[in-house]
Amino acid sequence: MTDFDDNVCPRSNLPVQVSTAQDNKRKMDEMDAASAVKMKRSIEKTSDLIILGLPWKTSEQDLKDYFVTFGEVIMVQVKRDVKTGNSKGFGFVRFTEYETQSKVISQRHMIDRRCECKLPNSEVFNKCLRSTCLFESFPLKSKFCSIPSSFIVMIGKMAPTAMVASL
DNA sequence: GTTGAGCGTT
């Protein structure tokens, strides 16, 4: 548990701890192929994304018009006051493809000069439970570390933002 | 008719 190399998440640029090649080999051996596939699926399932900091005037159509440029959109929501119909300044979006979702999370967004995309807290929580903090890696090549490729163990007190960036 | 961190009536 102590001989981990310091490393940096290529998405968030936050420091993460990555296990050594030897550790990964052992982990891989302990994990059969079926459970690996099962884990990968559970992590790559699409989920809603929360859009914070929306302009008051932004409508669902505006949201959709913006996000379809990344990929097919299943639904968009703008949360409003039930009485006045005014926007609460946040909403949700869901894509058909996980690829699209992760692309959207990984970059910054601007809708009328503001807005911010994240995984909702509920989803972060769910994914942490499902994965027990063993994440199938994002495309990680030997450029960043020397492990075989697919499994990176992130252990210990990771910042929530680092976890979001990795999911 | 205003506001500006947050976490979704169904």
Side-chain angles (χ1 to χ4, degrees), chain A residues 4 6-19 35-140 144 150-167:
Chain A
F4 289 103
D6 286 337
N7 216 312
V8 170
C9 173
R11 289 193 184 174
S12 64
N13 283 328
L14 293 172
V16 295
Q17 291 187 308
V18 181
S19 62
S35 66
V37 168
K38 187 177 176 184
M39 176 177 296
K40 179 175 176 177
R41 285 200 182 134
S42 74
I43 294 172
E44 293 196 349
K45 203 167 61 175
T46 64
S47 56
D48 294 347
L49 297 182
I50 188 167
I51 320 297
L52 265 15
L54 283 177
W56 308 115
K57 50 167 270 192
T58 301
S59 69
E60 309 206 343
Q61 191 57 243
D62 295 331
L63 264 194
K64 184 159 188 177
D65 288 346
Y66 175 76
F67 283 113
V68 287
T69 62
F70 296 91
E72 192 178 349
V73 172
I74 300 180
M75 74 87 200
V76 291
Q77 294 179 329
V78 171
K79 291 303 169 187
R80 300 173 182 281
D81 185 289
V82 282
K83 291 185 176 179
T84 68
N86 292 333
S87 169
K88 290 183 178 176
F90 72 99
F92 295 87
V93 61
R94 188 156 196 156
F95 297 98
T96 55
E97 299 296 329
Y98 182 81
E99 303 298 327
T100 313
Q101 170 178 333
S102 74
K103 185 168 67 180
V104 166
I105 294 178
S106 68
Q107 70 182 59
R108 280 180 50 76
H109 299 274
M110 293 293 262
I111 298 179
D112 289 342
R113 315 245 300 267
R114 53 186 304 151
C115 106
E116 177 183 5
C117 292
K118 293 177 180 175
L119 268 182
N121 291 157
S122 54
E123 296 297 335
V124 172
F125 182 68
N126 285 339
K127 282 181 184 271
C128 287
L129 282 184
R130 274 188 246 124
S131 66
T132 61
C133 289
L134 176 62
F135 301 141
E136 216 270 340
S137 77
F138 27 81
L140 231 212
F144 295 101
S150 46
F151 289 94
I152 296 178
V153 184
M154 301 192 192
I155 297 176
K157 307 173 185 115
M158 289 176 53
T161 49
M163 303 190 72
V164 172
S166 310
L167 289 173

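Proximity note for A:Lys88 (side chain, C-beta onward) versus B:dG8, B:dT9, B:dC7: the nearest is B:dT9.
Rounded to whole Å, the distance from CD on A:Gln77 to C1' on B:dC7 is 12 Å. We find that NZ of A:Lys83 is positioned 18 Å from P of B:dT10, with the value rounded to whole Å. The interatomic distance linking A:Ile50 (CD1) with B:dG8 (P) rounds to 7 Å, in whole Å. Between the CG atom of A:Leu54 and the C1' atom of B:dC7 there is a distance of 13 Å, rounded to whole Å. Rounded to whole Å, the distance from CD1 on A:Ile51 to C1' on B:dC7 is 12 Å. A:Asp81 places its CG atom 21 Å from the P atom of B:dG6, with the value rounded to the nearest Å.
Put simply, CD1 on A:Ile50 and CD on A:Gln77 are 10.5 Å apart, with the number rounded to the nearest 0.5 Å. A:Asp65 contributes atom CG, which lies 11.5 Å from atom CD of A:Glu60 (distance to the nearest 0.5 angstrom).
The residue among A:Val82 and A:Leu52 whose nearest nucleotide of DNA chain B is located toward the 5' end is A:Leu52. Two residues, A:Pro55 and A:Asp48, neighbour DNA chain B, and the one matched to the more 5' nucleotide by heavy-atom proximity is A:Pro55.
Side-chain N or O atoms of A:Glu97 include none that pairs as donor or acceptor with a backbone N or O of A:Glu72 at under 3.5 Å.
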Protein-nucleic acid N or O pairs under 3.5 Å, nucleotides 1-3 of chain B:
none

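The number of heavy atoms from other shown groups lying within 6.0 Å of NZ (A:Lys103) is above 12.
A perpendicular orientation is assigned to the rings of A:Phe90 and A:Phe92, their planes being inclined by more than 60° (bins at 30° and 60°).
Between A:Lys79 and the phosphate of B:dT9, there is a side-chain N or O to OP1/OP2 separation shorter than 4.0 Å.
For A:Phe90 and B:dG6, the ring-to-base geometry does not satisfy the stacking test (centroid distance below 5.5 Å, interplanar angle below 30°).
Paired with A:Phe95 under the rule side chain to side chain contact (heavy atoms under 4.5 Å, CB included), one option of A:Thr46, A:Val104, A:Asp48 passes, and it is A:Val104.
Of all non-hydrogen atoms in A:Tyr66 and A:His109, the two that sit nearest each other are OH-ND1, 2.7 Å.
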